[in-house]
There are 2 protein chains.
Amino acid sequence: MPESQSTQSANRPKSRIQQKNRQIIVDAALDVFSTYGFRGTTIDQIAARAGMSKPNLIYYFASKEDLYVSVLEDTLDQWLAPLAELDPDGDPIDEIRRYITAKIAMSRARPKASRLFANEILHGAPAIGGFLQGPLKSLVDDKAAIIRRWVEGGALAPVEPAHLIFMIWAVTQHYADFDVQVRAVLAAETTEKDRHFDDAQAAILTVFLEGLRPR
Amino acid sequence: MPESQSTQSANRPKSRIQQKNRQIIVDAALDVFSTYGFRGTTIDQIAARAGMSKPNLIYYFASKEDLYVSVLEDTLDQWLAPLAELDPDGDPIDEIRRYITAKIAMSRARPKASRLFANEILHGAPAIGGFLQGPLKSLVDDKAAIIRRWVEGGALAPVEPAHLIFMIWAVTQHYADFDVQVRAVLAAETTEKDRHFDDAQAAILTVFLEGLRPR
DNA sequence: AGGAAACTTGACTAGATGGTCAAAATAAAC
DNA sequence: GTTTATTTTGACCATCTAGTCAAGTTTCCT
């Protein structure tokens, strides 16, 4: 995807210090924004976590919103990557299995990014509405067409493709977004930390792969 | 639960005006809280939507947090009702179908309540952590035991019961919580408003009921 | 009708918070 | 080593907002 080359901000040479500090700030911001939301987060909180003063943070990101958008954009590409890899020439069931597995791995590895994203959508996507209607919709349309061909070819049970994608998003991201609830309900069952991700994956694959097998 | 009898608020007879105005406020608060979150909401916003002055609102709910908790508690019981109705003596597949159908109907009818709840969990359930660990966990444990019996009796495909419940929550609530995203992706396909809820239900039932059929 | 209780609100306060600014400290360039 | 550009921050300001208060208005009860 050749974009954001000449368009706007990505033109300063970015000194070594710039590079380092911007990364530190974005990491701190993900932590805080994902926990408290945009309005619930203060610049001071982020600055404290990043180990610098508030004016210094403002020196790197002109405003709170600027920073918020940067953090979000940082995660969007990663978010789409697994779906983008859905291979029209692969075995349908295998492809779905790979996709589900990749999405669960992502929920497990980057739960904060998932929650940041979920929070943004939940509140009406004020900052990334364009992303949803543009790149996201395009990608889904594209992949839905592939799934539709699989269904029509009799390789998958008849299911509306877009809704299958929604279902997979829902069940996989649930474990990141509703982590507190999952842990509360499973309390004490968990011997080793995050063990439930494995159980979740098994349950999801059981239901989806069997439910999608052609018949 | 014998509590807060003599302590403070829950004892006034609630005049006609009290009853009416508290309801108006709670309704307005659900609107605003579900859209902007706790921190993103101002008392003035809620008061304006409720058609009264801020001090008057404070007269009915001592603080913003008070009101927030009231609104949340108002929705929690309704939230659990469908799961509570899962009948151990019914046909397993029929019972799951009924449950999924009821949850989708709820997402469609009360999307704001769903989003309020989702937002609260997403941010670590600061106000209802006790509810998750108490009533919610109890109910899930109870119903998971029923499902486990079904599985052991060979009436359902082998699946970890708690995760099956999570999966159903995830796919059904997704359509309320991520409404903006769903609409963005499906844009233009929708002839009649909310039509996609029917499609979603069909897709979910297809996958889950077939995926859960014993084999 | 008349007095008490319940309800309503304009004006206000205290604290929090996003962002500014000028001056100091550090790094880079020569 | 000196000059210049970049980075850093303490002090500050304007605005927003949760909550208060005293004074009014309406409703209820007899």
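The chains referred to below are lettered A, B, ... by the order of the sequence lines, with proteins before strands, and numbering in each begins at 1. Just so you know, these numbers come straight off a predicted model, no measurement behind them.
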[X] side-chain proximity, nearest of [options]:
{"X": "K54(B)", "options": "dA18(D), dC21(D), dG18(C)", "result": "dA18(D)"}
{"X": "I17(B)", "options": "dT27(D), dT9(C), dG10(D)", "result": "dT27(D)"}
{"X": "T42(B)", "options": "dT20(D), dT17(D), dT9(D)", "result": "dT17(D)"}
{"X": "P55(A)", "options": "dT20(D), dG18(C), dC21(C)", "result": "dC21(C)"}

According to a strict under-4.0 Å criterion, is [X] in side-chain N/O contact with OP1 or OP2 of [N]?
{"X": "Y59(B)", "N": "dT8(C)", "answer": "no"}
{"X": "Q18(B)", "N": "dC7(C)", "answer": "yes"}
{"X": "R16(A)", "N": "dA28(C)", "answer": "yes"}
{"X": "N21(B)", "N": "dT8(C)", "answer": "yes"}
{"X": "N56(A)", "N": "dT7(D)", "answer": "no"}
{"X": "R39(A)", "N": "dC16(D)", "answer": "no"}

For this session: Applying side-chain contact (heavy atoms from CB on, under 4.5 Å) between L30(A) and each of T35(A), V71(A), L72(A), report the one that passes.
Result: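 Checked T35(A), V71(A), L72(A) against L30(A); only one passes side-chain contact (heavy atoms from CB on, under 4.5 Å): V71(A).
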Exercise. Looking at dG19(D), does its base get a donor-acceptor pair with the side chain of K64(B) below 3.5 Å?
Worked result: no
For this session: Enter the distance from Q45(A):CD to R49(A):CZ here, rounded to the nearest 0.5 Å.
Result: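 One gets 8.5 Å once the value is rounded to the nearest 0.5 Å.
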Would you mind reading off the distance between [X] atom [atom1] and [N] atom [atom2], rounded to a whole angstrom?
{"X": "Y36(A)", "N": "dT17(C)", "atom1": "OH", "atom2": "P", "answer": "12 Å"}
{"X": "Q45(B)", "N": "dC16(D)", "atom1": "CD", "atom2": "C1'", "answer": "12 Å"}
{"X": "Q19(A)", "N": "dT6(D)", "atom1": "CD", "atom2": "P", "answer": "16 Å"}
{"X": "M52(B)", "N": "dT8(C)", "atom1": "CE", "atom2": "P", "answer": "6 Å"}
{"X": "E65(A)", "N": "dG19(C)", "atom1": "CD", "atom2": "P", "answer": "9 Å"}
{"X": "I58(B)", "N": "dT20(D)", "atom1": "CD1", "atom2": "P", "answer": "7 Å"}
{"X": "I25(B)", "N": "dC7(C)", "atom1": "CD1", "atom2": "P", "answer": "11 Å"}
{"X": "F61(B)", "N": "dT20(D)", "atom1": "CZ", "atom2": "C1'", "answer": "19 Å"}

Exercise. Taking everything shown except Y36(B) itself, do over 12 heavy atoms lie less than 6.0 Å from its OH?
Worked result: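 No, not enclosed.
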Exercise. When you check the gap from the basic side-chain N to the acidic O, do R195(B) and D198(B) get nearer than 4.0 Å?
Worked result: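 The answer is no: the pair does not qualify as a salt bridge.
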Exercise. Does K137(A) come within less than 4.0 Å of D141(A), counting only side-chain N to carboxylate O?
Worked result: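 Salt bridge flag = yes for D141(A) with K137(A).
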